[in-house]
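Below is one structure, written out as structure tokens; comments come after it.
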Amino acid sequence: MSSVSGTHGSHAVAEPPPRTSRAGRDLVAAISVGVVLGAVVLASLLIERHLFLGVIALAAAIGTVELAGALRRGAGIEVPLPVLLVGGQAIVWLAWPFGLAAVAVAFAGTVLAVVLWRMRAGTLNYLRDVSAGVFIAAYVPLLCSFASLMTVAPDGTGRIITFILCVVASDVGGYTTGVLAGRHPMAPTISPKKSWEGFAGSLTAGMIAGALAVAFLLDAQWWAGALTGALLVVCATLGDLVESMIKRDIGIKDMGNLLPGHGGLMDRLDSLLPTALVAWAVLSLVVPA
């Protein structure tokens with residue numbers, strides 16, 4: 001009997017492809033990064049809440065670099081990055097001693113600097129690049145500044161924890177419910193994995209988190225917290241969809257690769273940035289400082 005050889009007799013078994021979650025994330029990496037980021041936020045707030053301003057400033061700088069790089073890679077848009085970095089830091093930090101008026105002046109100054117700086121490169125694509133620069137200044141550091149304004153309030157630690165807790169609850173509730181029961185796409189052409197069932201899970205988790213956080217951290221009525229949580233969930237969901245539209249428009253998957261399991265930092269800030277503005281406004285009304 002001749003010996004069996006070749007592929008038919010080797011009995012070699014091909015290794016199975018790596019398992020991924022139904023939602024397409026590397027869950028171990030994503031959870032690990034989330035825990036580390038949460039620890040940094042809590043440590044800065046609990047040790048001395050003004051340290052959190054440094055976290056905000058660093059996030060604004062990294063987000064600005066990532067978004068500028070994504071626009072350059074995906075659409076060939078060149079923004080005046082040095083101006084945006086310097087102006088962005090002014091927008092974030094001046095909220096501490098001088099408040100909202102200083103934020104407005106710093107933002108207007110950044111816009112003017114973008115307009116003037118870009119003149120050095122000539123008229124070709126001038127309006128496109130200036131518009132993109134102004135968009136970055138508004139989308140990243142300006143929205144970050146509202147987290148600064150919450151931080152420097154007398155009860156700033158409670159306000160920031162409430163804001164972040166509602167967004168995290170929205171993300172976790174939506175992710176879990178969407179994976180387990182998601183059937184009806186919310187916006188299939190923008191973000192195919194988002195479902196109305198996932199949104200319902202986000203809304204439930206966010207309202208519970210808001211009610212508990214506002215009642216126990218800010219000593220206000222639970223119903224005000226539930227309302228706050230609902231508004232923040234809606235804003236966080238829309239913020240996520242907005243970034244998905246940006247990425248689809250310029251043809252990229254992630255804003256960067258800084259955070260394993262998440263993508264770039266901007267891929268985590270997408271729901272936090274617009275929500276910071278809404279959180280500051282709503283909490284200023286329902287829990288006056």
Side-chain angles (χ1 to χ4, degrees), residues 37-38 40-68 79-115 133-168 213-214 217-218 220 228 231-232 235-236 239 242 265-266 268-289:
L37 292 177
V40 170
V41 169
L42 281 176
S44 63
L45 288 170
L46 296 179
I47 294 172
E48 164 52 54
R49 74 176 190 279
H50 292 89
L51 292 175
F52 186 61
L53 291 171
V55 176
I56 298 171
L58 180 61
I62 295 174
T64 296
V65 171
E66 285 187 347
L67 184 51
V79 298
L81 187 57
V83 170
L84 291 171
L85 289 174
V86 173
Q89 292 302 296
I91 293 169
V92 169
W93 284 104
L94 289 178
W96 179 5
F98 302 116
L100 190 59
V103 170
V105 172
F107 174 69
T110 301
V111 170
L112 180 59
V114 166
V115 170
V134 173
F135 169 72
I136 292 176
Y139 188 50
V140 185
L142 181 61
L143 292 179
C144 280
S145 71
F146 290 96
S148 298
L149 292 169
M150 285 190 285
T151 302
V152 300
D155 54 356
T157 297
R159 290 173 186 268
I160 290 294
I161 292 177
T162 298
F163 152 56
I164 294 178
L165 191 61
C166 287
V167 176
V168 171
V214 167
L217 297 178
L218 299 175
T228 299
L231 291 172
L232 297 192
C235 189
V242 165
L265 184 62
M266 277 297 297
R268 291 297 86 207
L269 293 177
D270 54 1
S271 56
L272 289 166
L273 287 172
T275 311
L277 167 60
V278 176
W280 170 79
V282 173
L283 290 176
S284 296
L285 292 174
V286 300
V287 192

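Index from 1, following the sequence. Only this structure's heavy atoms are used, side chains among them; waters, hydrogens and symmetry mates stay out.
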Is [Y] close to [X] at the side-chain level, that is, under 4.5 Å between some pair of heavy atoms?
X    : Y    : value
V41  : I161 : no
F163 : L272 : yes
V286 : V214 : no
F52  : M150 : no
V79  : L67  : no

Grab the two heavy atoms, one from [X] and one from [Y], that are nearest each other, plus how far apart they are.
X    : Y    : answer
L84  : G133 : CD2-O, 3.3 Å
L94  : A106 : CD1-CB, 4.1 Å
I56  : C144 : CG2-O, 3.7 Å
I91  : P141 : CG2-O, 3.6 Å
F107 : V134 : CE1-O, 4.4 Å
A95  : V152 : O-CG2, 4.2 Å

Practice task
Any chance you could lay out the side chain to side chain contact (heavy atoms under 4.5 Å, CB included) test for F98 and V103, step after step, and finish with the verdict?
Solution key: CA-CA 8 Å; F98 302 116; V103 170; over 6 Å; no
Practice task
Take the angle between the ring planes of W96 and W93 and call it parallel below 30°, perpendicular above 60°, tilted in between.
Solution key: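 Aromatic pair W96/W93 classed tilted.
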Gap separating the [atom1] atom of [X] from the [atom2] atom of [Y], nearest 0.5 angstrom:
X    : Y    : atom1 : atom2 : value
T110 : L142 : OG1   : CG    : 9.0 Å
T157 : I47  : OG1   : CD1   : 11.5 Å
L81  : I136 : CG    : CD1   : 7.5 Å
L231 : C166 : CG    : SG    : 10.0 Å
L53  : L58  : CG    : CG    : 12.5 Å
R268 : L273 : CZ    : CG    : 12.0 Å

Handout entry: Partner of D155 under side-chain contact (heavy atoms from CB on, under 4.5 Å), chosen from L283, L218, I160
Key = L218
Exercise for the section: Please confirm whether the backbone N or O of V92 pairs with a side-chain atom of S148, one donor and one acceptor, at under 3.5 Å? Expected result: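 Here the side-chain-to-backbone pair exists.
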Handout entry: Test item: R159 side-chain N/O and L149 main-chain N/O as donor-acceptor pair under 3.5 Å
Key =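 The answer is no, because no donor-acceptor pair under 3.5 Å joins these two groups.
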